[in-house]
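Heads up: the structure comes next, in structure tokens.
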Amino acid sequence: MKGLEEEENLLSTKRLLPLGLAGLVAVLCTAVGFVSSGTAATQATYKAGLVSDVGRFNDKGFNQFQLVGLKRAARQLKVQYRAVESRSAGDYLPNMASLARSGFNIVISAGFLLADATESVAQQFPNTKFAITDYSVANFKSHPANIEGLTYATQQNSYLIGCIAAHVAQSRGKKNISVVGGVKIPPVDTFLAGYKAGAQRCVPGTTVQIGYSQDFIDQAKCKSVAQNQLDAGSQVVFGVAGPCGLGALDAAKGAGRWAVGVDVDQSYLGPHILTSAVKRVDTGIYLAVKGAKSGKGYRGGKDLVFNLKNGGVSLGKFSKRAKLKKAWMTQMNTLKKQIISGKLKPPLTVSGG
């Protein structure tokens with residue numbers, strides 16, 4: 001990964017693309033699970049809070065790396081921080097309300113699943129800054145001026161991965177790859193859409209099997225979906241389901257097939273990981289806190305957009321065992337340049353067929 005300061009400079013120049021509950025809040029705000037808190041300096045007075053989704057902060061990916069970004073902000077920007085785990089969807093609203101009521105200057109929601117709670121609490125605390133990962137503020141009906149969206153163009157890096165995955169599958173004699181999504185929500189489907197489109201662009205006629213586990217936690221559910229795809233001929237399995245997705249990657253390993261990681265570089269799982277669709281949620285959290293504290297970079301009512309051009313999404317390490325052909329990599333890099341220039345626009349939604 002790039003050093004934070006290098007990436008921060010890159011992002012700061014190109015990231016800004018515009019795009020009756022009070023009683024309930026008061027009653028619920030006692031149901032809070034603090035998992036970590038701290039401050040980088042005894043005199044720090046600015047406070048930043050982060051609320052996880054049900055994947056929690058030990059998911060080795062999406063939530064955990066947002067916490068990494070929060071801790072980096074605390075250390076480098078000298079702010080107090082608190083991270084709060086949500087064990088169920090019912091915890092979202094009280095966890096956020098508790099932080100706001102405790103005087104946190106910015107309260108960040110760790111994902112799409114917290115959207116409704118974020119909008120509700122933001123209305124009750126108009127003087128508090130909020131931010132949410134994987135959700136555009138354009139989707140909020142109340143048009144809040146105190147919520148910032150942190151959005152990721154994962155259709156872009158997934159398009160490139162789909163291209164390579166299709167070539168790898170074809171080299172094994174079968175134009176067949178697959179993806180296991182958690183729940184059918186936009187942040188999941190953007191990965192799927194890019195992956196499928198890229199595969200069929202580079203190797204026409206490639207079958208892209210798509211399945212959903214309906215879960216982000218239970219690895220057995222993702223493993224079952226992936227196993228069905230492998231039995232149907234998939235040569236590469238992409239897991240887009242948080243901790244549940246680890247089950248899909250394990251199924252691919254057990255079958256002697258390739259797997260693709262998500263959110264973070266999951267090459268640490270073994271040489272069966274072809275590559276990973278990296279989403280720099282740590283950088284997003286860091287820049288959200290930095291912008292809010294400085295008063296110069298916070299985009300309330302708008303989105304910060306992270307993409308290939310500014311390094312907000314990228315590809316993880318490629319497995320050396322894959323022995324990827326130079327022609328495949330050349331094609332992929334050409335497509336990358338076209339995406340960055342705007343000439344090529346990977347789809348956001350999954351097509352039929």
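Only this structure's heavy atoms are used, side chains among them; waters, hydrogens and symmetry mates stay out.
- When atom types are taken as modelled, the side chain of Gln235 and the backbone of Gly233 share a donor-acceptor pair closer than 3.5 angstrom.
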Carefully, step by step, assess Tyr135 and Phe140 under the rule ring pair (Phe, Tyr, Trp, His ring centres under 6.0 Å). CA-CA 9 Å; Tyr135 199 83; Phe140 289 121; 4.8 Å; yes
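- A donor-acceptor pair shorter than 3.5 Å can be found between the side chains of Ser86 and Asn95.
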Does the pair Ser142 and Glu119 meet the rule for a side chain to side chain donor-acceptor pair (under 3.5 Å), with working shown? CA-CA 8 Å; Ser142 63; Glu119 185 171 26; 2.7 Å; yes
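- In this structure, Trp258 and His272 approach most closely via the heavy-atom pair CE3-O, 3.2 Å.
- The two residues Pro346 and Gln156 make their nearest non-hydrogen contact at CG-CA, 4.2 Å.
- Remark: Lys175 NZ to Ile177 CD1 distance equals 12.0 Å, nearest 0.5 Å.
- The two residues Ala199 and Val208 make their nearest non-hydrogen contact at CB-CG2, 4.1 Å.
- The cluster map of Ile, Leu, Val, Met, Phe, Trp and Tyr, joined by side-chain heavy atoms under 4.5 Å apart, puts Leu50 and Ile132 in the same cluster.
- For the pair Lys47 and Phe104, the distance from NZ or CZ to the six-membered ring centre is under 6.0 Å and the angle to the ring normal is within 45 degrees.
- One hydrophobic cluster, built from ILVMFWY side chains closer than 4.5 Å, holds both Phe191 and Leu150.
- Enclosure of atom CG in Asn58 by more than 12 non-hydrogen atoms of other residues, nucleotides or ligands within 6.0 angstrom is indicated.
- Judged purely by atom type and a 3.5 angstrom limit, Ser171 uses its side chain to pair as donor or acceptor with the backbone of Val168.
- Side chains of Thr45 and Gln80: a donor-acceptor N/O pair is absent below 3.5 angstrom, by distance only.
- Under the 4.5 Å side-chain criterion, counting only non-hydrogen atoms from C-beta, Val188 is not in contact with Val183.
- Not a single donor-acceptor pair under 3.5 Å links the side chain of Ser276 to the backbone N or O of Val278.
- Between the side chain of Ser341 and the backbone N or O of Gln338, at least one donor-acceptor pair lies under 3.5 Å.
- Remark: the backbone N or O of Val262 is paired with a side-chain donor or acceptor of Gln266 at under 3.5 angstrom.
- Under the 3.5 Å distance criterion, with hydrogens and angles disregarded, a donor-acceptor pair is assigned to the side chains of Asp189 and Tyr212.
- The two residues Ala165 and Leu274 have their closest heavy-atom pair at CA-CD2, 4.2 Å.
- Residues Ile210 and Val350 meet the side-chain proximity criterion, which asks for heavy atoms closer than 4.5 Å.
- Ser224 contributes no side-chain N or O that, together with a main-chain N or O of Lys221, makes up a donor-acceptor pair within less than 3.5 Å.
- A distance of 11.5 Å separates NZ in Lys253 from CG in Leu246, rounded to the nearest 0.5 Å.
- Put simply, Phe112 and Val313 are part of the same group of oily side chains (I, L, V, M, F, W, Y) that touch within less than 4.5 Å, one to the next.
- Annotation for Pro243 and Phe216: closest pair CD-O, 3.0 Å, computed over non-hydrogen atoms.
- At a threshold of 4.5 Å between non-hydrogen side-chain atoms, the residues Ile285 and Thr133 count as touching.
- Taking a cutoff of 4.0 Å between a charged side-chain nitrogen and a carboxylate oxygen, Arg299 and Glu148 do not qualify as a salt bridge.
- Clustering ILVMFWY residues whenever any of their side-chain heavy atoms sit less than 4.5 angstrom apart, transitively, puts Leu230 in a cluster other than the one holding Leu192.
- Annotation for Val203 and Thr206: closest pair O-OG1, 2.6 Å, computed over non-hydrogen atoms.
- In this structure, Lys129 is positioned above the aromatic face of Tyr298, its NZ or CZ under 6.0 Å from the six-membered ring centre and within 45° of the axis.
- Going from atom CE of Met329 over to atom NZ of Lys336 covers 9.5 Å, rounded to the nearest 0.5 Å.
- In summary, Asp265 and Lys317 do not engage in a salt bridge, as defined by a charged side-chain N under 4.0 Å from a carboxylate O.
- With Asn105 contributing its side chain and Tyr46 its backbone, the two residues share no donor-acceptor pair below 3.5 Å.
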Might you work through the side-chain contact (heavy atoms from CB on, under 4.5 Å) test for Asp53 and Tyr92, ending with a clear yes or no? CA-CA 7 Å; Asp53 66 19; Tyr92 298 154; 3.8 Å; yes
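- Linking Ile, Leu, Val, Met, Phe, Trp and Tyr whenever their side-chain heavy atoms come within less than 4.5 Å leaves Ile273 and Tyr195 in two separate clusters.
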Would you sort out whether Phe238 and Val180 count as a side-chain contact (heavy atoms from CB on, under 4.5 Å), showing the intermediate values? CA-CA 6 Å; Phe238 186 13; Val180 179; over 6 Å; no
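- Put simply, the residue from Gln209, Gln229, Arg257 that forms a side-chain hydrogen bond (donor to acceptor under 3.5 Å, both in side chains) with Ser178 is Gln229.
- Rounding to the nearest 0.5 Å gives a distance of 10.0 Å between CG of Leu77 and CG of Leu70.
- The backbone N or O of Gly61 sits nowhere less than 3.5 Å from a side-chain atom of Asp263 that would complete a donor-acceptor pair.
- Side chains of Ser109 and Thr118: a donor-acceptor N/O pair is present below 3.5 angstrom, by distance only.
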Are Arg72 and Val68 close enough, and set up right, to give a side-chain contact (heavy atoms from CB on, under 4.5 Å), and what steps lead you there? CA-CA 6 Å; Arg72 183 179 297 150; Val68 167; 3.9 Å; yes
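- Inter-residue side-chain proximity for Asn157 and Leu308 is flagged as met; some heavy-atom pair is nearer than 4.5 Å.
- Between the OG1 atom in Thr154 and the CZ atom in Phe306 there is a gap of 13.0 Å [rounded to 0.5 Å].
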Does Leu335 form a side-chain contact (heavy atoms from CB on, under 4.5 Å) with Leu160? I'd like the steps, not just the answer. CA-CA 7 Å; Leu335 293 173; Leu160 304 179; 3.9 Å; yes
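- With 3.5 Å as the limit, one finds a donor-acceptor pair spanning the side chains of Asp303 and Ser136.
- Enclosure of atom CZ in Arg87 is not indicated, since only 12 or fewer non-hydrogen atoms of other residues, nucleotides or ligands lie within 6.0 angstrom.
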